[in-house]
Amino acid sequence: MSWLKPRSIRGQLISGLILFEGLLMVVFATLLVREQALEIHERARLRLESEVNLLVLQSQDALAQGQAGYMVPILRAMVNSPVIRAAMVTDINGRVIASSDPEMNGKDLLTRLERKHLEDSPRAEIFRVPGGAREAVQAIHVGGQLSGFGWVYEDATAAWQEIYSLIRITVIFAGLGALGTAVIAGALARSITRPLRTLLAATRKLIRDPETKEGFPLEVTSNNESADLTRAFNLMVTSIEEQRAGLSDTLALLDSMLENAPIGFAFFDRKLRYVRINQFLAGMTQMPIGRHLGRSIAEMLPETAADVLQRQVQSVFETGQPVTQFELNSTLPGDDTQVRNWLINVYPVKATSEAVRWVGAIVVEATERKRAEEALRKTEKLAAAGRLAASIAHEINNPLEAVTNLLYLLRHQPSLDREASGYADLAQQEISRVAEMTQQTLRFYRQSTLPVVANVAELLESVLTLYVGRLVALQVEISRKIGRDVELYCFSGELRQVFANLIGNALDAMSLGGRLSLSLRRSRSWADGTPGIRLFVADNGCGMTAATRQRIFEPFFTTKETTGTGLGLWVSGEIISKHNATVRVVSRPAGAGDGRQSGTVFMLFFPENGIGTPPLPAPAAAAQSV
């Protein structure tokens, strides 16, 4: 029945007062009606006794003269009273001899025991009859002898109407009292609840918008307890605002440190689930923050890496001691070819108690460092190999000149026959090719660091000379469309390095009997028409996937497991940018399922003044007259 209880103070006060008023009025009405009913019934009893005494007195003369019929008008006159329903006179045996109701004449009303009782009663007797009414009976004596009985029956309607009228007046009075009580209670409740409603509205406003200042501080309009409560509420809001400001500054500082720190942060609960990470760590794993939250370590990392991290985190939960500087190696989801290396420190995060509530992890990306170390080792090897190659080329160059001179002398010996002279010519050609290779090797090692106007076709041909052996071994067919007057103001040694990387990668991608297409010509930019040169390097090798193509210019990214450093195209990209050139790559991997041939095309466009305008030659000194 709790739903019947009013929820507001005003309703409770009004209903309580009305209930009290109702109970008070019920008790008062009950007592009043009871007392009035007793008084009404007592008056009715006295009237019955009076009426039956009067009937007895009037009946004595009529019975003494033997004229019972004279009593009928008297009986009928008595019935005209509003409190008398009927009246009659009976003989000593209880038979009706006169009645206000003629139908009752001759009927017997008494038993033997009742007659004996009435004979012995010196005064009137009053009895209750069915229906709640009463009747009065008194013996009639004539000359000292019992001659009959007088009967008077009460009409209780008037008495009950009087009682009902009293009850109605009492109810009306109670209603007016309840209404007045409700009005007074409502006025009192309004004065009490109005400040409370103001406080409630202000509290809800703060819940919806904790930062709001509209309507605060609340106005104090009285000097009672409600005013004290309002003042206390204003002080509480002011205190909360000051605390929130300090807390907001602290949280903003911590959040800024967490989000912008150049290291990854993560926090785990006892179920080894992520409860928070920063954006730097999300960038490391290449998955959004929302995908981490609420998920376990096993769901976010490969099995091997997840086992390592879970063991360390669980150890911190159990011992409360941090674990520092352990290395974690893992691949990223959707990319099983690239291994990432992280250095991780895990530490306990305690709340107010000594129990470990969370475990924090500080993650440092070590992939680039590992790759740099490996690339540094490989680069050092390559540098040593380059120095060795240059040294060997230099040392070979001297005996080559001697062999060349000897072959020249041999070819001019008159004693040589035609066949021997042909062999000498072939030997001279091969020696010349070896000499050219040694010269190109020395050019790579001793290349100039200053820009010059260079013939790009000659640079490209010099690079091809280095790869003659591989081209022959792989039986690669070369298709050349190279203009001879293609000159460019550039860093010639760096361009030679770009060409070497592109041709070397093309040969690595091709199998036996491949085709290498080279095209070099003067052209204009497709974007703004700037003049320059355009180079195409195309092969029909294995091609690249879209994912690989997007990363080919990243440092240390390589698809050559043991022979690559991942630096060739990265360095080439830097050189291309240095010349303000553009590069486009189109590739179709083998097994694409479209029936077309696989292969890769690199298109490079070098603007004519990409690194500036070449300096004008110095003017010759004017001749002085003698």
Side-chain angles (χ1 to χ4, degrees), residues 386 389 393 432-510 514-525 531-541 552-553 568-569 571-587 599-611 614:
S432 298
R433 193 161 64 86
V434 172
E436 178 65 22
M437 292 175 66
T438 58
Q439 291 297 323
Q440 295 298 338
T441 302
L442 289 174
R443 286 195 191 100
F444 266 104
Y445 188 69
R446 298 171 180 173
Q447 59 189 9
S448 175
T449 58
L450 298 175
V452 295
V453 177
N455 189 309
V456 182
E458 293 179 357
L459 295 178
L460 187 59
E461 290 290 350
S462 67
V463 172
L464 284 174
T465 303
L466 296 177
Y467 289 101
V468 169
R470 291 187 63 188
L471 292 169
V472 174
L474 292 174
Q475 300 179 14
V476 173
E477 178 186 352
I478 300 179
S479 172
R480 291 182 176 87
K481 293 182 179 179
I482 300 176
R484 294 301 173 183
D485 59 343
V486 182
E487 292 185 346
L488 182 68
Y489 184 59
C490 63
F491 295 92
S492 58
E494 294 182 359
L495 281 193
R496 188 181 284 113
Q497 186 174 355
V498 172
F499 299 159
N501 283 327
L502 295 179
I503 294 174
N505 287 339
L507 294 177
D508 290 337
M510 288 188 292
R515 179 181 178 84
L516 177 64
S517 299
L518 301 174
S519 174
L520 178 65
R521 67 177 186 274
R522 303 203 65 82
S523 180
R524 289 185 176 273
S525 171
I533 65 170
R534 193 177 304 276
L535 170 67
F536 289 89
V537 179
D539 65 74
N540 61 348
I552 56 176
F553 291 105
L569 285 179
V571 172
S572 298
E574 296 295 321
I575 294 172
I576 292 170
S577 298
K578 184 177 180 179
H579 286 79
N580 291 314
T582 57
V583 58
R584 295 186 182 182
V585 183
V586 179
S587 185
T600 302
V601 178
F602 279 81
M603 188 282 293
L604 287 77
F605 177 79
F606 292 88
E608 194 172 78
N609 297 324
I611 59 172

Within the 4.5 Å heavy-atom criterion, are E574 and E494 side-chain neighbours or not? no
For residues Q497 and S572, determine if any side-chain heavy atom of one lies less than 4.5 Å from a side-chain heavy atom of the other.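 Q497 vs S572: side chains apart.
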Audit row: R521, F536, side chain to side chain contact (heavy atoms under 4.5 Å, CB included) steps and yes/no: CA-CA 9 Å; R521 67 177 186 274; F536 289 89; 3.6 Å; yes
Which heavy-atom pair separates [X] from [Y] by the least distance, and what is that distance?
X	Y	answer
V476	M510	CG1-CE, 3.8 Å
A454	L459	CB-CD1, 4.1 Å
R515	N540	N-OD1, 2.9 Å
V452	S492	CG2-OG, 3.9 Å
P451	F491	CD-CE2, 3.4 Å
S525	R534	CA-NH2, 4.0 Å

Taking [Y]'s backbone N and O only, do any of them form a donor-acceptor pair with [X]'s side chain (distance below 3.5 Å, no angle check)?
X	Y	value
N455	E487	no
D539	A506	no
Y489	G610	no
S587	V601	no

Under 4.0 Å between a Lys/Arg side-chain N and an Asp/Glu carboxylate O for D508 and R470? yes
Take N505 and I552 through the test side chain to side chain contact (heavy atoms under 4.5 Å, CB included) and record every step on the way to the result. CA-CA 11 Å; N505 287 339; I552 56 176; over 6 Å; no
Distance from [X] atom [atom1] to [Y] atom [atom2], nearest 0.5 Å?
X	Y	atom1	atom2	result
L460	R480	CG	CZ	8.0 Å
S517	K481	OG	NZ	8.0 Å
I576	F553	CD1	CZ	5.5 Å
N580	F605	CG	CZ	11.5 Å
L471	E477	CG	CD	11.5 Å
L488	L495	CG	CG	6.5 Å

Evaluate the criterion side chain to side chain contact (heavy atoms under 4.5 Å, CB included) for residue pair M603 and L535; output intermediate values, then yes/no. CA-CA 6 Å; M603 188 282 293; L535 170 67; over 6 Å; no
Residues V498, L604; criterion side chain to side chain contact (heavy atoms under 4.5 Å, CB included); working and verdict: CA-CA 10 Å; V498 172; L604 287 77; 4.0 Å; yes
Picking from V456, L520, L518, V537, what satisfies side chain to side chain contact (heavy atoms under 4.5 Å, CB included) with F499? V456
